[in-house]
There are 2 protein chains.
Amino acid sequence: MEDYLAHAKVFKALGDPKRAFILNMLSYGELCACVILEKFDMSQSTLSHHMKILCDCGLVNSRSEGKWTYYSLNQEAISKAMGFFNAVTSSKDNCISNEGFDCRKG
Amino acid sequence: MEDYLAHAKVFKALGDPKRAFILNMLSYGELCACVILEKFDMSQSTLSHHMKILCDCGLVNSRSEGKWTYYSLNQEAISKAMGFFNAVTSSKDNCISNEGFDCRKG
DNA sequence: CCTTCATATCGAAACATGTCAATATGAAAT
DNA sequence: ATTTCATATTGACATGTTTCGATATGAAGG
């Protein structure tokens, strides 16, 4: 279940449309917080809070340069999240079937 | 931004480790609610609530058969969620660069 | 019909989240 | 040194989520 905690933390972060949108913005390259802020109708403190959540779950990296903070994607974390979906969609032909799970047989 | 609402709804659903685990259980095939319930330390009403969230976001289909309810994955919804990650990770070489986003040039 | 069983819904309590204004921090410029 | 600017943190409030026990629904079996 611990695997699922890490995955769930990433999905929880993306569970807010604004954060999902920010992730997409960052797919075009590193961005300064002030630029991201311009695209939204939200306070500076709220954006800072959202960026912290994206960083804490590992999806986004931050880097300070003078007064500015730059954010970028962490491709490895994104690959891990995709791995969850791959595991879910991959064929399970070699695995134990669901017959053991059938409630009419218990 | 509407795209992100749909995506965010799916991610929000997976933002709970129990629901992420249930999705993985379903990757092995269709399951009866009563069987899922056995794997968790939660009340029946709580499981019903979680299954509703997984169904409402489209990730899971449900089917009634007599007294039982069977749940299964909706592969299309899963593909769409993967599409979000693909969009984020794919090369953006042909797109507008981030130069227009640079806070030092405004 | 009445009971039993599986699931859904309701109502309430505890907890988490999103948001803002105010304030703190820390770097750059004057 | 002082001010200014970008960002982070704090505290407070409204809203949403998770959870349970209790109750409702609806199918199957006596």
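Because the structure is a prediction, the values reported are computed rather than measured. Convention: sequence-line order gives letters A, B, ...; per-chain numbering from 1.
Look at CG on B:Leu54: it is 11 Å from P on D:dT18, rounded to the nearest Å. One atom, CG of A:Leu31, and another, C1' of D:dT7, lie 16 Å apart when rounded to the nearest Å. Atom-to-atom, CZ of A:Phe40 to P of C:dC20 comes out at 12 Å; the value is rounded to the nearest Å. Between A:Ile36 atom CD1 and D:dA6 atom C1' there is a gap of 13 Å when expressed in whole angstrom units. Taking atom CH2 of residue A:Trp68 and atom C1' of nucleotide C:dA29, one finds them 11 Å apart after rounding to whole Å. With rounding to whole Å, B:Leu47 atom CG is found 19 Å from C:dC5 atom P. Taking atom NE2 on A:His49 and atom P on D:dA12, their separation rounds to 17 Å, with Å as the unit. Taking atom CG on B:Asp56 and atom P on D:dG16, their separation rounds to 16 Å, with Å as the unit.
Within 4.0 Å (heavy atoms only), A:Met42 reaches sugar-phosphate atoms of the nucleic acid but no base atom.
A single hydrophobic cluster is seen to contain both A:Val60 and A:Leu37, as judged by linkage of ILVMFWY side chains at heavy-atom distances under 4.5 Å, directly or through other members.
The side chain of A:Lys67 has C:dA27 as its nearest neighbour among D:dG26, C:dT19, C:dA27. Looking at the side chain of A:His50, the nearest of the listed nucleotides D:dT18, C:dT19, C:dA8 is C:dT19. For B:Tyr71, the side-chain atoms get nearest to C:dT7 when compared with the rest of D:dT9, C:dT7, D:dT18. The B:Thr69 side chain lies nearest to C:dA8 when the options are C:dG18, D:dC20, C:dA8.
Within the structure, a side-chain polar atom (N or O) of A:Thr46 is placed less than 4.0 Å from OP1 or OP2 of C:dC20. A close approach under 4.0 Å does occur between a side-chain nitrogen or oxygen of B:Ser48 and OP1 or OP2 of C:dA8. Using a 4.0 Å cut-off, no side-chain N or O of A:Lys12 falls inside it from OP1 or OP2 of C:dA16.
Distance check: A:Ile22 CD1 to B:Tyr4 OH gives 11.0 Å after rounding to the nearest 0.5 Å.
Nearer the 5' end of DNA chain C, as judged by each residue's closest nucleotide, is the contact made by B:Leu37, out of B:Leu37 and A:Gly15.
Ring pair A:Phe11/B:Phe11 is parallel by interplanar angle, where below 30° counts as parallel and above 60° as perpendicular.
In this structure the side chain of A:Tyr70 reaches within 4.5 angstrom of the side chain of A:Glu65, judged on heavy atoms. Contact annotation: the side chain of B:Tyr71 never approaches that of B:Leu31 to less than 4.5 Å [non-hydrogen atoms, C-beta and beyond].
The base of D:dA8 sits within donor-acceptor range of the side chain of A:Gln44, with an N or O pair under 3.5 Å. Interface remark: the A:Ser45 side chain does form a donor-acceptor pair with the C:dA21 base, using a distance-only criterion of under 3.5 Å.
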